[in-house]
Number of protein chains: 2
Amino acid sequence: MTTINDVARAAGVSPATVSRVFNGGRVTAERAERVRRTAAELGFSPNRVARSLRMQRASVIGLIIPDIENPFFTSLARGVEDAAQQTNLSVVLCNTDEDVDKERRYLEIAAAEQMAGVIVAAASRNRTDLSVLEGRGMPVVAVDRRPRGASVDAVMVDNQHGGEEATAHLLRSGYRRIACIAGPEGASTSDDRLAGYRAVLRDHLRETGGGALRPEYVRHGDFRVEGGRAAMADLLALPEPPDAVFVANNLMTVGALEALREAGTEPPRTGVLSFGDVPWASLVRPPLSTVQLPSYDLGWTAAGLLQERIAGTARPLQTVVLRTALQVRESTSGPEA
Amino acid sequence: MTTINDVARAAGVSPATVSRVFNGGRVTAERAERVRRTAAELGFSPNRVARSLRMQRASVIGLIIPDIENPFFTSLARGVEDAAQQTNLSVVLCNTDEDVDKERRYLEIAAAEQMAGVIVAAASRNRTDLSVLEGRGMPVVAVDRRPRGASVDAVMVDNQHGGEEATAHLLRSGYRRIACIAGPEGASTSDDRLAGYRAVLRDHLRETGGGALRPEYVRHGDFRVEGGRAAMADLLALPEPPDAVFVANNLMTVGALEALREAGTEPPRTGVLSFGDVPWASLVRPPLSTVQLPSYDLGWTAAGLLQERIAGTARPLQTVVLRTALQVRESTSGPEA
DNA sequence: TTGAAAGCGCTAACAA
DNA sequence: TTGTTAGCGCTTTCAA
């Protein structure tokens with residue numbers, strides 16, 4: 001492998017000069033040109049490992065996400081990647097599978113690799129522990145989910161608002177027995193969506209004298225297809241099944257739709273509203289109403305915050321909240337439709 | 001940051017002993033225990049950057065793929081990740097967007113970061129250039145696509161066989177004007193699928209005296225949704241449109257289905273067979289016949305080969321070819337169905 | 001503007 | 001089995 005010393009010798013300068021040429025130090029144009037030429041001839045490219053060791057910081061940021069097969073996170077990853085490219089940072093993607101242990105290993109790796117910073121969509125609000133990174137003063141941005149007690153910048157979705165908007169829409173469409181398939185208890189995203197659902201429903205019941213919330217209409221899934229299917233099956237087995245369901249994430253919606261189909265009913269007779277776009281939604285019949293998430297912008301914004309921190313900008317911690325957008329399609333056109 | 005020297009001093013041993021404790025060298029049990037305890041107390045974790053510099057090799061492998069939003073590649077990535085975990089390698093995911101320049105940058109990064117090895121699904125058969133890595137003797141495994149002239153291990157799909165199987169099935173189902181939406185020219189995966197299609201169709205025409213292949217029935221798309229839609233629209237605009245179409249990848253199938261729907265026709269009247277599973281195929285109506293790809297196994301196998309190379313096993317270059325499996329569903333049940 | 005030299009944290013060769 | 005020591009390739013003082 002060609003090193004900076006080889007280039008220096010061949011070009012008749014010192015290693016320091018070569019380093020300066022590659023890092024924007026002050027070198028006379030003539031020498032700089034000579035160095036560049038020799039470097040090209042020798043096929044030299046700087047050893048980033050040595051560089052990282054010396055600088056005590058790599059030019060890599062870590063992106064830790066719970067599920068690489070969920071299009072929400074891949075789109076988020078694209079946002080991070082595109083933003084990072086602007087400052088020549090490369091992105092390392094780590095998939096935790098919603099597993100806190102796997103996540104901890106990746107956090108330790110990020111620390112040990114001296115990554116420039118980390119963007120993390122935490123596997124758990126309670127059990128994800130960012131102290132490994134915070135202890136080392138490593139810049140961290142939480143995205144989509146913020147672990148309790150973490151002192152980090154965050155970019156979040158207005159989940160409660162999204163849940164409210166979704167539930168209000170279902171009520172407006174004429175549904176009255178509205179269920180909710182929530183995510184795992186403790187996931188802040190899911191809790192907030194559920195809170196939005198409850199708030200709107202409770203108000204509605206109060207105004208119409210319609211009684212109390214029905215706890216049996218709330219089920220907790222695992223954010224996966226299977227969990228959605230099981231929850232929907234449970235709901236359909238109730239003495240009085242719901243006439244609409246608000247599903248707290250895209251994958252569970254896929255499962256819920258499958259369960260409905262198996263039971264011989266379809267939207268919009270049973271209304272279905274998905275939190276988060278279902279991939280290839282265009283192919284699903286009937287077209288699905290969704291609460292659209294700004295996944296790409298989430299990633300883009302998080303990367304921006306992280307880069308500011310890496311650059312050392314001193315400013316108070318901040319949380320950016322991005323809004324959802326309700327996309328009404330046919331799956332919620334009403335129980336009589 | 002706590003270093004190996006801090007631990008050594010605190011435990012009253014030499015740095016070398018600490019290193020040995022963490023890397024399986026011979027150390028007496030009693031001392032090892034003491035070192036481990038002090039390391040824990042001080043919150044020491046080895047600096048992987050220093051380790052990589054010294055060892056001239058990182059414990060990271062690169063996985064370079066063309067499209068992180070394509071479920072085929074995310075599933076492949078899972079296979080790689082799961083296999084890599086077994087030997088404590090971490091995986092860095094790089095997304096090239098089918099862009100040869102972006103790909104070259106990532107290959108250079110892999111070299112400069114001294115990654116232990118690279119698994120690459122090349123952006124182009126002709127223009128992807130692995131010589132940066134080969135020159136440094138870095139272990140490389142090509143997966144799904146093998147760049148021309150590269151001397152590397154490879155794990156491939158039997159694309160030609162898949163194309164033959166698909167086309168033969170369409171003929172058996174009674175379709176006679178069978179079109180093919182292929183991928184970009186030059187992509188080996190697409191070329192092979194197309195070759196399979198042509199071979200079977202040519203044989204059929206010869207046997208039945210049905211004339212020659214119709215070149216207008218072959219369109220080239222870009223492996224994306226939009227390309228599939230455009231190609232299908234072109235086919236439908238022909239004086240004599242096809243009665244079935246073999247689409248060479250999953251995303252283009254989504255586009256083709258959309259175009260069919262817009263034109264007011266649906267499978268199986270126009271037969272549609274997708275090469276590669278469409279995500280959430282269960283929700284697509286009618287259920288889609290597919291050639292199923294062993295995406296996860298592709299990744300798993302590639303990681304296995306790479307690890308052997310990293311370990312230094314000397315053996316001739318090998319190419320593993322995995323078979324596809326035809327999954328017949330309703331979208332190809334025949335033009336009269 | 002340039003070069004000499006130190007040192008980032010670790011591993012491995014060698015000596016004890 | 002253990003310790004001493006050199007050095008991986010780079011950046012960055014400091015002095016010239």
Side-chain angles (χ1 to χ4, degrees), chain A residues 1-36 38-39 42-60 88 108-116 136-138, chain B residues 1-36 38-39 42-60 88 108-109 111-116 136-138 312:
Chain A
M1 190 176 33
T2 326
T3 77
I4 210 172
N5 294 296
D6 302 330
V7 177
R9 206 171 315 117
V13 300
S14 77
T17 300
V18 179
S19 172
R20 288 185 189 111
V21 169
F22 280 90
N23 294 290
R26 325 193 73 78
V27 180
T28 52
E30 182 265 328
R31 288 169 90 88
E33 178 48 31
R34 197 166 75 229
V35 167
R36 248 186 279 277
T38 351
L42 299 181
F44 166 76
S45 84
N47 181 323
R48 292 161 66 113
V49 178
R51 184 164 204 276
S52 299
L53 178 61
R54 176 58 227 239
M55 311 249 297
Q56 303 278 62
R57 163 177 302 171
S59 49
V60 167
N88 273 319
E108 277 161 14
I109 288 178
E113 294 275 7
Q114 312 206 92
M115 291 182 185
R136 298 183 178 227
M138 182 177 293
Chain B
M1 189 174 37
T2 327
T3 75
I4 210 172
N5 294 295
D6 303 330
V7 177
R9 205 170 316 115
V13 300
S14 77
T17 300
V18 179
S19 172
R20 288 184 189 110
V21 169
F22 281 90
N23 295 288
R26 325 193 73 78
V27 180
T28 52
E30 181 265 329
R31 285 166 92 86
E33 178 47 32
R34 195 165 77 229
V35 167
R36 247 186 280 277
T38 11
L42 299 180
F44 166 78
S45 85
N47 181 323
R48 291 162 67 113
V49 178
R51 181 164 205 275
S52 299
L53 179 60
R54 177 61 228 234
M55 311 251 293
Q56 302 279 64
R57 162 178 303 169
S59 49
V60 167
N88 273 316
E108 278 162 12
I109 288 178
E113 294 275 6
Q114 313 207 92
M115 292 182 186
R136 298 183 179 227
M138 181 177 293

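Treat the numbers as computed from the prediction; the structure is a model and nothing was measured. In what follows, chains carry the letters A, B, and so on, assigned in the order in which the sequence lines appear, proteins first and then strands, with residues in each chain numbered from 1.
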Legend entry - Positional range of nucleotides in DNA chain D within the contact set of chain B, heavy-atom, under 4.0 Å: D:dT1 to D:dG9
Legend entry - Residues in side chain to side chain donor-acceptor pair (under 3.5 Å) contact with A:Thr3, at least two apart in sequence or another chain: none
Inset, instruction - Output all residues satisfying side chain to side chain donor-acceptor pair (under 3.5 Å) with A:Thr38, sequence neighbours left out; order by chain, then residue number. - result: none
Inset, instruction - Tell me, please, which residues at least two apart from A:Ser52 pass side chain to side chain donor-acceptor pair (under 3.5 Å). - result: none
Legend entry - Considering all heavy atoms, the nearest B:Pro15-B:Asn5 contact: CG-OD1, 3.3 Å
Legend entry - Contacts of type salt bridge (charged side-chain N to carboxylate O under 4.0 Å, His left out), residue B:Arg51, not counting sequence neighbours: none
Legend entry - Approximate separation, where rounding is to 0.5 Å, of B:Asn47 CG and B:Thr2 OG1: 11.0 Å
Legend entry - Which atom of B:Val27 lies closest to which atom of B:Ala32, heavy atoms considered: CG1-N, 3.8 Å
Inset, instruction - Find the distance between CZ (A:Arg48) and CE (B:Met115) and round it off to the nearest 0.5 Å. - result: 8.0 Å
Inset, instruction - Name the first nucleotide and the last nucleotide along DNA chain C (5' to 3') that come under 4.0 Å of a heavy atom in chain A. - result: C:dT1 to C:dG9
Legend entry - Contacting residues from residues 24-33 of chain B, given that a heavy atom lies under 4.0 angstrom of DNA chain D: B:Arg26, B:Val27, B:Thr28, B:Arg31
Inset, instruction - Tell me which residues in residues 44-55 of chain A put a heavy atom below 4.0 Å from DNA chain D, sorted by number, or none. - result: A:Phe44, A:Pro46, A:Asn47, A:Ala50, A:Arg51, A:Arg54, A:Met55
Legend entry - Chi angles and distances behind the side-chain contact (heavy atoms from CB on, under 4.5 Å) call for A:Val13, A:Val35: CA-CA 8 Å; A:Val13 300; A:Val35 167; 3.9 Å; yes
Inset, instruction - For residues A:Val49 and B:Leu53, report the shortest heavy-atom separation together with the two atoms involved. - result: CG1-N, 3.5 Å
Inset, instruction - Hey, could you give me each pair passing salt bridge (Lys or Arg N to Asp or Glu O under 4.0 Å) that has a residue in residues 11-31 of chain B? Not counting sequence neighbours. - result: B:Glu30-B:Arg34
Legend entry - Contact summary for A:Phe44 and A:Ile4, nearest pair of heavy atoms: CE1-N, 3.5 Å
Legend entry - Minimum heavy-atom distance between A:Ala112 and B:Pro46, given as atom pair plus value: CB-O, 3.4 Å
Legend entry - Contact summary for A:Met138 and A:Ala116, nearest pair of heavy atoms: CG-O, 4.4 Å
Legend entry - Those residues of residues 4-18 of chain A lying under 4.0 Å from DNA chain C by at least one heavy atom: A:Val13, A:Ser14, A:Ala16, A:Thr17
Inset, instruction - Could you verify whether a donor N or O on one side chain and an acceptor N or O on the other, from A:Arg136 and B:Ser45, lie under 3.5 Å apart? - result: yes
Inset, instruction - Would you mind reading off the bend of the helix from C:dT1-D:dA16 to C:dA16-D:dT1 from its two end axes, five pairs each, to 10 degrees? - result: 40°
Legend entry - Sequence neighbours excluded - salt bridge (Lys or Arg N to Asp or Glu O under 4.0 Å) pairs with any residue from residues 5-17 of chain B: B:Asp6-B:Arg9
